Structures are given as structure tokens and as C-alpha cells.
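Everything below concerns the one structure shown next.
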Amino acid sequence: MIIVYSLGGSFLAGQSPEGLKQYADELKSLAKEHRIYVVVGGGRVARDYITKARVLGASEVFCDELGIGATRLNSALLIAALGTAAPQEVPDSYSKAALLSCDGKVVVMGGVSPGQTTDAVSAMLSEYVRADRLVIATSVDGVYTSDPEVDPNAKKFESMTSKELVSLTMETEMKAGSRSPIDPLAAKIIERSSLPTSVVDGREVANLRKGAFGGHTGTEIRQG
Ligand code: UTP
């Protein structure tokens with residue numbers, strides 16, 4: 001199977017070296033039988049830098065570039081944890097990512113162009129490499145009707161169609177560093193490519209495998 005993971009920088013980059021090793025070990029183990037690609041988010045560093053730059057008067061696209069820098073920095077940290085199991089560079093395009101992929105190796109990349117998040121990168125990479133599945137591992141345990149951190153009545157979808165995901169995400173704000181579970185562009189790509197996708201709680205390493213092969217308690221995105 002070809003599996004693409006979108007790993008949120010918020011939970012990944014905050015890990016101790018031992019924690020990072022656990023994610024790396026799970027990815028290595030998956031790469032023994034499957035072709036694995038990982039796209040890493042910008043997390044706290046991206047948010048901090050974007051917030052400061054915006055106050056300093058930077059344009060949104062400049063803030064996006066800062067965010068991309070943070071995603072690449074976090075990617076390099078995961079590559080350090082993977083050691084020889086990963087090509088030792090962060091590709092800056094889908095074609096380079098595909099070229100770097102070979103048996104048993106985990107290709108890790110970050111953002112590529114302004115105006116989107118790494119969820120969109122992971123969806124487009126999935127199209128590019130014709131992935132069988134996309135697993136979006138975030139610091140929320142699935143897709144909710146509204147932000148569960150703000151709305152106590154928010155309900156989690158056990159499953160939903162890609163069309164429903166598109167309508168839900170279209171309501172969210174599109175700004176550098178915006179806080180939304182999945183960006184609308186990612187949802188559109190998932191819809192157009194009928195990509196089997198799961199959204200799981202990435203704070204639990206075991207959910208990487210469950211997100212790909214079942215048994216998770218997140219949200220399953222169906223075609224339609
Ligand atoms: P993230 O993908 O980390 O966004 O990119 P996020 O939604 O905050 O993800 P989590 O919380 O880590 O899961 C951080 C910022 O980098 C810019 C955007 O400004 C984004 O908000 N970015 C990232 C781009 O402009 N283009 C990219 O391809 C990737």
C-alpha cells in the first residue's frame with residue numbers, strides 16, 4: 001500500500017527525543033511493508049513566527065512563507081529521528097518527494113507554496129504518488145461539527161462524505177496560521193480524487209497504524 005501521513009507539527013515537534021523516536025520507529029515499521037510518505041506541520045513555531053511577523057506588518061503571503069519554513073524545520077527533526085530510514089533531505093516539490101522514495105525509506109516533507117496548509121500538501125502528494133490512503137493525524141481526535149475547544153456542544157463525525165467535509169471546511173477562515181481541523185483546499189482535493197482518508201488523534205502513536213488499517217476512533221472520510 002502507498003500511505004501518506006499528515007502529521008500536525010503541534011504534537012510532533014513538542015515531543016522529547018524519546019517521543020520522536022517512537023513516531024520514527026512506528027513509521028519505520030510501517031515502511032517495511034508499505035510505501036510511506038510523511039508531511040509535517042509547522043506547529044507552535046509557525047504560529048509564533050506568523051503572529052509576530054503579522055504584528056510587524058508582514059503580508060499574509062510573507063507569513064505563509066514563514067510557516068513553510070517552520071514545517072521544513074520540523075520535517076528535518078523527524079528526519080533526524082528516522083536516521084538512515086529517511087532520505088536526508090526535505091524535498092520542496094511533489095516530484096522530488098516521489099523521486100526520493102524507495103523501498104523501506106520514509107520520505108518526509110513540509111510545506112511547498114503559500115495559501116494552504118500541510119493538509120493540502122498531503123492531499124496533493126497523495127494524488128501525485130497515487131496513494132491508497134491519506135491519514136491526517138492531528139491534535140484533535142477527529143472532525144467535529146464545530147471547534148470542540150470552543151463549543152461544548154461540538155459533535156464528532158464517526159464518518160462523513162468528502163462532500164460534507166468540503167461544506168464544513170468552506171466555513172473556516174483562510175489566513176496564515178489559521179486554526180481549523182482541515183484546510184478547505186485539502187478537502188477539495190480529497191473530494192476530487194476520491195481519496196480514502198482518515199482523521200485521527202496523532203498524539204497516540206498507535207493511531208498511525210489504526211488510521212491506515214482500521215480500529216481508530218477518529219473520522220473516516222468516505223467518497224461522495
Ligand atoms: P500547518 O500545515 O502546520 O498549518 O502550516 P496548521 O493548520 O497550523 O497545522 P497543525 O496545527 O501543525 O496541524 C503552518 C502554516 O504554514 C503556512 C500556512 O500559513 C500555515 O498556516 N503554509 C504551510 C503554507 O503557506 N503553505 C504550505 O504548503 C504549508
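One-based numbering, in listed order, for ligands and for the atoms of each. Just so you know, these numbers come straight off a predicted model, no measurement behind them. Positions are given from 1, in the same order as the sequence printed here.
- For ligand 1, the polar-atom distance check against G9 finds a nitrogen or oxygen pair separated by under 3.5 Å.
- Residues passing the side chain to side chain donor-acceptor pair (under 3.5 Å) test with D151 are S146, sequence neighbours excluded.
- Using a cut-off of 4.0 Å between Lys/Arg side-chain N and Asp/Glu carboxylate O, K210 and E220 are scored as not salt-bridged.
- The closest heavy-atom contact to atom 4 (O) of ligand 1, among the options D64, T117, I50, comes from T117.
- The proximity of V121 to ligand 1, defined as any non-hydrogen pair under 4.0 Å, is limited to the side chain.
- Using a 4.0 Å cutoff on heavy atoms, R47 counts as a contact of ligand 1.
- Around atom 26 (N) of ligand 1, the closest heavy atom drawn from S6, A137, G69, S113 belongs to S113.
- Close approach of ligand 1 to G115 is summarised as follows: ligand atoms under 4.0 Å from at least one heavy atom of the residue are 25 (O).
- Each of L73 and L77 belongs to its own hydrophobic cluster when Ile, Leu, Val, Met, Phe, Trp and Tyr are linked at side-chain heavy-atom distances under 4.5 angstrom.
- A side-chain donor-acceptor contact under 3.5 Å links Q88 to the backbone of A86.
- If you number the atoms of ligand 1 from 1 as listed, the ones under 4.0 Å from a heavy atom of S10 come out as 11 (O), 12 (O).
- Near V112, with a cut-off below 4.0 Å to any heavy atom, the atoms of ligand 1 are 27 (C), 28 (O).
- Shown in contact with P114 at under 4.0 Å from a heavy atom are these atoms of ligand 1, numbered in order with element: 25 (O).
- Within ligand 1, the atoms closer than 4.0 Å to a non-hydrogen atom of G43 are 3 (O), 12 (O), numbered from 1 in the order shown.
- Short contacts between ligand 1 and G8, defined as distances under 4.0 Å to a heavy atom of the residue, involve ligand atoms 12 (O), 13 (O).
- Inspection of the Y37 and S101 side chains reveals an N or O donor paired with an N or O acceptor under 3.5 Å.
- Between R35 and D103 there is a salt bridge, since a side-chain N of the basic residue sits under 4.0 Å from a carboxylate O of the acidic one.
- Checked against the 6.0 Å centroid threshold, Y23 and F11 count as a close aromatic pair.
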Item to check | Chi angles and distances behind the salt bridge (Lys or Arg N to Asp or Glu O under 4.0 Å) call for K163, E191 | outcome: CA-CA 6 Å; K163 209 175 175 151; E191 184 190 32; 5.5 Å; no
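- Taking every non-hydrogen atom of G111 and a distance limit under 4.0 Å, the qualifying atoms of ligand 1 come out as 27 (C), 28 (O), 29 (C).
- At a heavy-atom distance under 4.0 Å, no atom of S139 approaches ligand 1.
- Looking at ligand 1, you'll find an N or O of Q116 within less than 3.5 Å of one of its N or O atoms.
- Counting only N and O atoms by type, the side chains of S10 and S139 include a donor and acceptor under 3.5 Å apart.
- Looking only at atom types and distance, the side chain of R222 has a donor-acceptor partner in the side chain of S159 under 3.5 Å away.
- Considering backbone and side-chain N/O of G42, one or more are found under 3.5 Å from N/O of ligand 1.
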